[in-house]
Amino acid sequence: MRNLIKIWSFISFAVIIFITVFIFVFILYKGRNALSLDFLLGKPEGIILGKEGGIFPAIIGSLYTSIISAVISSLFGISAGIYLVFYNKNKYINSCFDIVFQCIAGIPSVVLGLFGYAMLVLHLGLGKSILSMAITQSIMILPFISIRIKKVLKELNTDIINSSYALGISKSYTIIHIVLKEIGIKALSIVMLAGALAIGAAAPLMFTGAVINAPLTTSIFKPSMVLPYHLYILLTQGISESNAYATAFVLLSIVLILNFFAVFLRFLKISKSGIKHE
């Protein structure tokens, strides 16, 4: 039975790796003619915009929006996790938070996009902007961060925390100088994974600030190009299949890089913990 489980685990791992590699290779093959340095560093051009030129404004817009959304959601997600683990003693409140997070996680991204458009763009008057996109994205990834931060906090070594309390150190000081320092790398890894999740979502962006063409901007109150929406336009409008596949490959590469660094940080944390333990 044990050997059967091992064989099944190995086959499952091999199938997942094969599917992942196949998707990357297939998309790279379909978009190979469009991929170039000019494509990565240029802006959309052509009589039908996007048929020629590059996607640099979309790359910067996607990174800019995802970073802001990750920062916003991490502030609330980490704070919620700390409250639920260290301050809240009511199990009913804890259950309510879990239900709320699960409900938010189950909301379709297109519904979040419509909510962002109605609340942020229209009601609050933020207009179609990077800020509107980032706030909408932060709502989408908030459960991802808060649930995992809560799990990490519960797995902390309680001996260190109890020793701090025994020395008369306040709870707030313990959390800021011991707990957050202890989970710092894991929290950063979780936030990076959340950013990778956010960067590929198109629906929350297309209603709140994504545009077909826009220059590079550093203002969060202006709209911007983003990779998922640019890919959506290229495919649905039949503008350029080759550019669409090249855009998809760039987007997948960014997601892969973010996931790689997140896993690397986790591995680095485990290695350091092993060294300290020895």
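Distance alone, capped at 3.5 Å, is enough to place a donor-acceptor pair between the S62 side chain and the L227 backbone. Side-chain N or O atoms of S12 include one that pairs as donor or acceptor with a backbone N or O of W8 at under 3.5 Å. No side-chain donor-acceptor contact under 3.5 Å links Q137 to the backbone of S69. Judged by distance alone, with hydrogens and angles left aside, the side-chain atoms of S146 form no donor-acceptor pair with the main-chain N or O of G77 at under 3.5 Å. Judged purely by atom type and a 3.5 angstrom limit, S132 has no side-chain atom pairing as donor or acceptor with the backbone of K128. Counting only distance, with no hydrogens or angles, the side chain of R148 and the backbone of F144 share a donor-acceptor pair below 3.5 Å. Within the 3.5 Å criterion, the main-chain N or O of L63 finds no donor-acceptor partner in the side chain of S66.
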### L205 vs T136, side-chain contact (heavy atoms from CB on, under 4.5 Å): CA-CA, chis, key distance, verdict
CA-CA 8 Å; L205 306 181; T136 306; over 6 Å; no
#### Entry: Derivation and outcome, side-chain contact (heavy atoms from CB on, under 4.5 Å), residues I220 and Y64
CA-CA 9 Å; I220 60 174; Y64 198 14; 3.5 Å; yes
### Query
Should L124 and M119 be marked as a side-chain contact (heavy atoms from CB on, under 4.5 Å) after you check the CA-CA gap, both sets of side-chain angles, and the distance that decides it?
CA-CA 6 Å; L124 296 181; M119 178 61 67; 4.3 Å; yes
### Task
Go through the steps to decide whether T208 and L126 satisfy the test side-chain contact (heavy atoms from CB on, under 4.5 Å), and finish with yes or no.
CA-CA 9 Å; T208 54; L126 296 178; over 6 Å; no
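Distance CZ/F264 to CD1/I257: 14.5 Å, rounded to 0.5 Å. Here N213 contributes atom CG and S224 contributes atom OG; the two are 10.5 Å apart, rounded to the nearest 0.5 Å. Once rounded to the nearest 0.5 Å, the distance linking NE2 of H177 with CD1 of I169 reads 9.5 Å. Of the inter-residue distances, the one linking T247 atom OG1 with L252 atom CG reads 11.0 Å to the nearest 0.5 angstrom. From F249, atom CZ reaches atom CD1 of I27 across 8.5 Å, with rounding to the nearest 0.5 Å. Rounding to the nearest 0.5 Å places CG of N88 at 5.0 Å from CD1 of I93.
Partners of L216 according to the side chain to side chain contact (heavy atoms under 4.5 Å, CB included) rule, which considers only residues two or more places apart in sequence or in another chain, are F56, P57, I60. Looking at residues two or more places apart in sequence or on another chain, you find no salt bridge (Lys or Arg N to Asp or Glu O under 4.0 Å) involving E45. Scanning for salt bridge (Lys or Arg N to Asp or Glu O under 4.0 Å) contacts around K151 gives E155, with sequence neighbours left out.
Annotation for Y83: atom OH counts as buried by contact number, over 12 foreign heavy atoms lying within 6.0 Å. Summarising the local packing, OH of Y29 is surrounded by 12 or fewer heavy atoms from other residues, nucleotides or ligands at distances under 6.0 Å. Annotation: Y87, atom OH; neighbour count of heavy atoms from other residues, nucleotides and ligands within 6.0 Å is above 12. The 12-atom threshold is not exceeded at OH of Y232, counting heavy atoms of other residues, nucleotides or ligands nearer than 6.0 Å. Around CZ of F261, the count of heavy atoms belonging to other residues, nucleotides or ligands within 6.0 Å does not exceed 12. By the neighbour-count criterion of 12 heavy atoms within 6.0 Å, atom CZ of F207 is densely surrounded, having more than that number from other residues, nucleotides or ligands.
Closest heavy-atom contact between S109 and M140: CB-SD, 4.5 Å. N243 and E52 make their closest contact through ND2-N, 4.0 Å (heavy atoms, listed as atom of the first residue, atom of the second, distance). Pairing each heavy atom of A244 with each of L231, the nearest pair is O-CD1, 3.1 Å. Here the shortest heavy-atom pairing between F101 and A80 reads CZ-CB, 4.1 Å. The two residues N33 and S242 have their closest heavy-atom pair at CB-OG, 4.0 Å. The shortest non-hydrogen separation linking M133 to G209 is SD-C, 3.5 Å.
Here the side chains of I107 and F115 are not in contact, with every heavy-atom distance at 4.5 Å or above. By the 4.5 Å heavy-atom criterion applied to side chains, K150 and N94 are counted as neighbours. The closest side-chain heavy-atom distance from L256 to F24 is below 4.5 Å.
Among I82, L84, I161, the single residue meeting the side-chain contact (heavy atoms from CB on, under 4.5 Å) criterion with L153 is I82. None of V85, I178, I183 except one satisfies the side-chain contact (heavy atoms from CB on, under 4.5 Å) rule with L156; the exception is I183.
No continuous path of ILVMFWY side-chain contacts below 4.5 Å connects I212 to L235, so the two sit in separate hydrophobic clusters. L193 is connected to F76 through a chain of hydrophobic side-chain contacts under 4.5 Å among Ile, Leu, Val, Met, Phe, Trp and Tyr, so both are in one cluster. Hydrophobic clustering places L234 together with Y229 (ILVMFWY residues linked when any side-chain heavy atoms are closer than 4.5 Å, directly or through intermediates). The cluster map of Ile, Leu, Val, Met, Phe, Trp and Tyr, joined by side-chain heavy atoms under 4.5 Å apart, puts I72 and I190 in the same cluster.
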